Amino acid sequence: MTTTIDTGPGQLFIGGQWREAADGARTDVIDPSTGQVVTTVAEAGATDVDAAVRAARAAFDGGEWSGLSGRERGRILHRVAELIRENADELAALESLDVGKPITLCGAVDIANAANDYEYFAALAYSLDGATRDTPLNALAYTRREPLGVVAAITPFNFPLILAGSKIGPALAAGNTVVHKPADETPLSALYMAGLLRKAGVPDGVVNVVTGTGPVAGEALLRNPGVDKVAFTGSSAVGRHVAGAAGEALKPVTMELGGNAAHVVFEDADLEKAVGAVIKGFVFNTGQFCMGGPRLLVAREVYGTLLGILAEAVPGVPVGDPRDPATVVGPMAGEKHLNKVEEYVALARKEGGRIVCGGERLDLNGGYYYKPTVIADLPNDSRVVQEEIFGPVLTVQPFDSEDEAVALANSTPYGLAAGVQTSHLARAHRIADRLQAGIVWINDWAMLDPAVPFGGVKDSGFGREYGPEALAAYTKVKSVVVSLD
Ligand code: NAD
């Protein structure tokens, strides 16, 4: 099938050069809204990954980037943000084609946030500095923050552009070089960004992109001795494996893993506002959102009322062609993701769940669509409640007290995000304090900004992206103590 969107040459980007994989392997890229192949990209093997790490190593050791001042690097990162904005339409079209994201969402969220993120990290680069420390020694003691070296950035399929930027941005700000392996099924914006980074003035070899599979390219990258840090975003299962391998090699890692957040609605909440946040929380990005809110916990006093409102409102959410600007929910990003959602909804029926709305595929143009689905009456220990579904599916459970709400919210192995809907100020803070999550939203959902750190606890991982915390994760501290004798 032909497309009017320029998907580029689909080659690996190594040492500033576009090239095919050493063995010539290429893989299909599929449009999730039709199930059709739209282009192919090179599939990297271990030899290509090694070449990319060598290029990154040489660039780091050469000092062309790491030797710049933070301010000089910051200027170039500012230019990256500008170029993202100047090419917003092309990037949005590409991301929408690759992931099946609604085009309006791509522009307003993916592209806008990616530009904001680079801008934020550019500003942080300006203020990269150390500290002087007061000591009883007759000495001047100070610290310097130095880059780590070569960073392996491994990213998932759901927010390709944003999650690549949330690693490449701080890594570059701190003076590191990068080898990026995007998700197998959504490689296009990573390759486009390689071109933009170069155009902005990032020297050759500083950012390299290897497209390919996790078990081959990802594994080779992870185990390459030339890599100094692994920044991983993906599932908890793969994250466990990646952290294990990095641990054996004593490499620092950042682990941004799965989620299964609880959204707690108290009886004193503004229900009309709460419903908007609840729906956004589980349909945003077609539910393929690590920080989505797929577990709704509702005070029993308003349980029936809220279920009734959801039963009316959710079928009205516009699901359809991602190219239609009115579409809010597009297809799942791939057939395997659609199948997984279907399996979980079938399991919910077996586990005693009542399908309030949805519960089936949407047959449209051969795409991977699933109707937003609300399920009530599931026991808390059911797999559908406990596991990460990663689709537009909401389970709804009642609670009778604050203690029970907190216990239910904290009852899964995950701890990435959580939300509270209440008009009671003290209660909001009290509950936020007790929730096991890296971020807690009060009276809305998915309020994200590069200044606000995010990351997980428990099986959702460790380390923080965004905020000054992210920059710190890409530097090492050196202490210098100068004798004053
Ligand atoms: P995934 O774990 O299947 O893959 C993530 C990346 O790891 C991909 O690039 C993949 O190719 C690579 N990979 C797979 N096997 C590998 C191996 N053996 N060695 C090295 N790399 C390997 O995840 P996915 O399906 O792409 O993404 C969905 C998951 O990501 C969900 O669990 C979601 O919650 C999570 N996620 C988390 C965050 C966060 O910030 N915490 C953000 C987005 C997505």
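Note that ligands are numbered from 1 as they come in the structure, with each ligand's atoms numbered from 1 the same way. Remember, predicted model here, so these are calculated numbers, not experimental data.
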Side-chain touch V179/V210, heavy atoms, less than 4.5 angstrom: yes
Which option wins on minimum heavy-atom distance to atom 42 (C) of ligand 1: S166, C290, P187, G259? C290
Could you check whether any heavy atom of F159 sits closer than 4.0 Å to an atom of ligand 1, since that is the contact criterion I want to use? no
Those atoms of ligand 1 less than 4.0 Å from some heavy atom in N158: 43 (C), 44 (C)
Give the atom numbers and elements of ligand 1 that come within less than 4.0 Å of a heavy atom of T155. 6 (C), 8 (C), 9 (O)
Against heavy atoms of P182, which atoms of ligand 1 measure under 4.0 Å? 9 (O)
Considering heavy atoms of the protein only, find what lies nearest to atom 22 (C) of ligand 1 and give residue, atom and distance to 0.1 Å. G214 CA, 3.5 Å
According to salt bridge (charged side-chain N to carboxylate O under 4.0 Å, His left out), does anything in residues 10-23 pair up with another residue at least two apart or in another chain? List the pairs. E20-R26
In ligand 1, the atoms that come under 4.0 Å of a heavy atom of F157 are 24 (P), 25 (O), 26 (O), 27 (O), 28 (C)
Give yes if a backbone or side-chain nitrogen or oxygen of T233 is under 3.5 Å from a nitrogen or oxygen of ligand 1, and no if not. no
Output all residues satisfying side chain to side chain contact (heavy atoms under 4.5 Å, CB included) with P379, sequence neighbours left out; order by chain, then residue number. D381, S382
When you look for heavy atoms under 4.0 Å from ligand 1, do you find them on the side chain of E388, its backbone, both, or neither? side chain
